[in-house]
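Any value given below was found using the heavy atoms of this structure, including those in side chains, with hydrogens, waters and symmetry copies removed. Model, not experiment: these values are computed from the prediction.
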Amino acid sequence: MSKAMSIRLPKYPHREIKKLAEEEGVSMNQFIAAAAAEKVSSLKTVEYLEKRAERGSRDKFDRVLSKVSDVEPEEHDKL
């Protein structure tokens, strides 16, 4: 369910958001909601990756890498 929120914007961002929302064919409300969702997602991704990195170790990496066959790459995969 949606919650109402009132925000104050300086003139310049307000004008730019209005212009961009019109170009996208959405309301300012939809534009700002999407922008906020993108920011939350971005911040949560960094948090997730930091936590994930804490669980990693060089030993685990080496164990996985040791299972990779030592073969020449196919012609289309060569640099």
**Q** Please name all residues satisfying side-chain hydrogen bond (donor to acceptor under 3.5 Å, both in side chains) with E24, sequence neighbours left out, ordered by chain then number.
**A** none
**Q** Who else is in I7's hydrophobic cluster (ILVMFWY, side-chain heavy atoms under 4.5 Å, direct or via others)?
**A** M5, L9, I17, L20, V26, M28, F31, I32
**Q** Kindly write out the residues that satisfy salt bridge (charged side-chain N to carboxylate O under 4.0 Å, His left out) with E47, not counting sequence neighbours, or none if the list is empty.
**A** K51
**Q** State which residues pass side-chain hydrogen bond (donor to acceptor under 3.5 Å, both in side chains) with K44; sequence neighbours excluded, sorted by chain then number.
**A** none
**Q** Which atom pair, heavy atoms only, marks the closest approach of K60 to S57?
**A** N-OG, 3.1 Å
**Q** Quick one: side-chain hydrogen bond (donor to acceptor under 3.5 Å, both in side chains) pairs with a partner in residues 4-17, sequence neighbours left out?
**A** E16-K19
**Q** Running the 4.5 Å side-chain criterion over Ile, Leu, Val, Met, Phe, Trp and Tyr, what cluster does L49 land in, apart from itself?
**A** Y48
**Q** Throw together a table of side-chain donor-acceptor distances under 3.5 angstrom for residues 66-75, partners on residues two or more places apart or in other chains.
**A**
residue, atom, partner, partner atom, Å
S66, OG, R63, O, 2.7

**Q** With sequence neighbours excluded, what pairs up with S2 under the side chain to side chain contact (heavy atoms under 4.5 Å, CB included) test?
**A** none
**Q** Test question: given the 4.5 Å side-chain rule for I, L, V, M, F, W and Y, name all other residues clustered with V40, or answer none.
**A** none
**Q** Can you list the residues that meet the side-chain hydrogen bond (donor to acceptor under 3.5 Å, both in side chains) rule with D62, with sequence neighbours excluded?
**A** R58
**Q** Could you pull out all residues at least two apart from E22 that satisfy side-chain hydrogen bond (donor to acceptor under 3.5 Å, both in side chains)?
**A** none
**Q** Do side-chain atoms of S41 reach the backbone of A37 as a donor and acceptor pair under 3.5 angstrom?
**A** no
